[in-house]
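Structure first, then comments.
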Amino acid sequence: MISENPRVRFAPSPTGYLHVGGLRTALYNYLFAKRNNGAFILRIEDTDRTRLVEGAVKNLITTLKWAGLDFDEGPGKDGGFGPYVQSERLALYKRYADELVQQKKAYYCFCTSDRIKQLRDEQQKTGLQSKYDKHCLHLTENEIRDTLKNNEPYVIRLNVQPNELINIEDIIRGEVTFNSNVVDDQILLKSDGYPTYHLANVVDDHLMKITHVIRGEEWLSSTPKHILLYNYFGWEIPKFAHLPLLLNPDKSKLSKRQGDVAVEDYRAKGYLKDALVNFVAMLGWSAGDDREFYYLDELCSSFSLERVNKSGAVFNIEKLQAMNFAHLQKKTDGELLNLLKEEVAVSSFNDHLLSDEKLLLIIQSMKERINFVKEIILNASYFFIAPQTYDQDAVKKRWTAESAGLLQKFAETIRGVENPSKEDFENALHQVAEIAGVKNGAIIHPLRLAVSGVSGGPGLYDIIFILGKEETLGRINIALEKIII
RNA sequence: GGCGCGUUCGUCUAGUGGCUUAGGACGCCGCCCUCUCAAGGCGGAGACCACCGGUUCGAAUCCGGUACGCGCUACCA
């Protein structure tokens, strides 16, 4: 079954950010490695120079690390199989491509892109499959030598034999069969000297002793090319597992056009890494029971490729958000304190220093009312600064002719209390209400409005206790001046 | 067009021939709780298991076909 120490790799191309689909691919590779005592390798596939983005590799590594997916081998962490960046392995690909040419399993091609385009147009017009016509396969050795000597640009193509059945044993999908007639004479080495994905990934997977290729379903169709390559080189074929795609709400392949796809975007929005990882793990995998809440280490011990689904999964943000809430509730107050301090530091309240003790009280009162830590600042700014405005709808609904008088009475009552506790505030309010002959709500609602500016939020006594007596008195005064009905 | 893959509530899924009047989660609706907003508790609507045919005493589960969706079809990965 699973070899002693499997080696798997996540092989993104550095195009700028980590796609959430990529995160899931990386995660499944990581989980598989951890579950089976194997190695998780990061390899950078930067063979397309036109799509290179500055700083992308660094960003990729940072984001992977943020998610908790530490690699065992990769850029900056050699395990004896480096380098792990394909652009640093060019000589290797050239050598293996040449080897194939020697054996007539690949050949030089000098066709111009114009000719290829023309060929393709014609084939399309006649309803044929677009495929290279092996035109250059029939060049004589002399012709090839002369053209090469003239420094004509060339590519090296795979020489696919017609009418062979190519079988793929896929761990997730079972046996998949292709006829070699539908496999194009794929370009292996581009005219700029860089390999295409197909050559590079086969050479590297072999050299890096990759045992299991776990990648997205979009690669299934080109797997026959890879099988052919392994066979031509006489190399052992790794096990394949093609993961179902992550989908947009309209079921097309998850793309930028329909929302955020970068892990960095979700991170910036305040999603917890635990939640994102948990959510993405459940998109296409389940342990076979009803459990949905997992931490990364728990996923490590229960994951198996055999239980990965075959069909694509819609990336449902609402569920992600619910997952984030669930993970948030499980965090200790201490963990939340650290997260809150980070948010405060980058907010407009960064010079508004509240004690840890006070922040902790704020966290406890707000925890179950938020989906993101930053919402404490966004939705409960009144803990940091007195309300600048008062919600007009709430004023209309809660502020009556008697409100001002009641708040004044309440203020008078608490003014004399030394270091009032939450209960002291509550008792004071009850007392005022009783004397005035009104319901508690007649004071509670306007008071909440006066100190917070809004109608929702934590229990009133929690709010004013956190604010403290002086601040509460001050805010009542301001409100009495500002709220006019 | 060709090739490949897929198809269980709106979404993520459980289900591997009888335990299923198809279970859970998110979302939605209602009730309870309640100083508000949440959270929580309880309940509800929501899937003729894409369709048709076959195998079988019995099928969401096995087989075949059809439809639909998606992916690939680049000197992109």
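Model, not experiment: these values are computed from the prediction. Order of the sequence lines sets the chain letters (A, B, ...), proteins ahead of strands, with each chain counted from 1.
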Nucleotides 33-35 of chain B: which of its N/O atoms have a protein N/O under 3.5 Å away?
from   : atom 1 : to        : atom 2 : distance (Å)
C35(B) : O2'    : His445(A) : ND1    : 3.3
C35(B) : O2'    : His445(A) : NE2    : 2.7
C35(B) : O2     : Arg448(A) : NH2    : 2.9
C35(B) : N3     : Leu460(A) : N      : 3.2

(message) How would you summarise protein contacts on nucleotides 67-77 of chain B per nucleotide, using B for base, S for sugar-phosphate only and - for none, with heavy-atom distances below 4.0 Å?
(response) ---SBSSSBBB

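- At the heavy-atom level, Thr177(A) lies under 4.0 Å from the strands shown only through sugar-phosphate atoms.
- Rounded to a whole angstrom, the distance from the C1' atom of G40(B) to that of G4(B) is 49 Å.
- For Gln321(A), the side-chain contact (heavy atoms from CB on, under 4.5 Å) test picks out Tyr271(A), Asn371(A), Phe372(A), with sequence neighbours left out.
- Ring pair Phe10(A)/Phe40(A): centre-to-centre distance not below 6.0 Å.
- Using a 4.0 Å heavy-atom distance criterion, Phe178(A) is classed as a sugar-phosphate-only contact.
- Note on Gly216(A): nothing from the nucleic acid sits closer than 4.0 angstrom, heavy atoms only.
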(request) Take nucleotides 15-24 of chain B nucleotide by nucleotide from the 5' end and write B, S or -, depending on whether a protein heavy atom sits under 4.0 Å from the base, only from the sugar-phosphate, or from neither. (result) SB------BB

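- Trp399(A) has its ring centre no less than 6.0 Å from the ring centre of Tyr390(A).
- Under the side-chain contact (heavy atoms from CB on, under 4.5 Å) criterion, Arg157(A) pairs with Tyr107(A), Cys109(A), Ile116(A), Tyr132(A), Val155(A), Asp185(A), Ile187(A), not counting sequence neighbours.
- Among the atoms of the strands shown, none is found under 4.0 Å from any heavy atom of Asn201(A).
- Annotation: side-chain contact (heavy atoms from CB on, under 4.5 Å) contacts of Asp260(A) (sequence neighbours excluded): Asp265(A), Tyr266(A), Lys269(A).
- Within the structure, a side-chain polar atom (N or O) of Asn309(A) is placed less than 4.0 Å from OP1 or OP2 of A14(B).
- Considering only residues two or more places apart in sequence or on other chains, His327(A) meets the ring-ring contact (aromatic ring centres under 6.0 Å, His included) condition with Phe293(A), Tyr295(A).
- Within the model, atoms NZ of Lys134(A) and CG of Asp184(A) stand 9.0 Å from one another, a figure rounded to the nearest 0.5 Å.
- Looking at residues 361-372 of chain A, you'll see Glu368(A), Arg369(A) sit with a heavy atom under 4.0 Å from some atom of RNA chain B.
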Name the pairs: protein N/O against N/O of nucleotides 41-46 of chain B, kept only if under 3.5 Å.
none

(request) Take Asp121(A) and Lys125(A) through the salt bridge (Lys or Arg N to Asp or Glu O under 4.0 Å) test and state the conclusion after the steps. (result) CA-CA 6 Å; Asp121(A) 287 348; Lys125(A) 214 158 30 185; over 6 Å; no

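- Residues passing the ring-ring contact (aromatic ring centres under 6.0 Å, His included) test with Tyr230(A), sequence neighbours excluded: none.
- A heavy-atom distance below 4.0 Å to RNA chain B is reached by these residues of residues 274-283 of chain A, ordered by number: Met282(A), Leu283(A).
- Applying the side-chain contact (heavy atoms from CB on, under 4.5 Å) rule to Thr50(A) yields the partners Asp48(A); only residues at least two apart in sequence or on another chain are considered.
- Distance noted for atom C1' between C62(B) and A25(B): 30 Å (whole Å).
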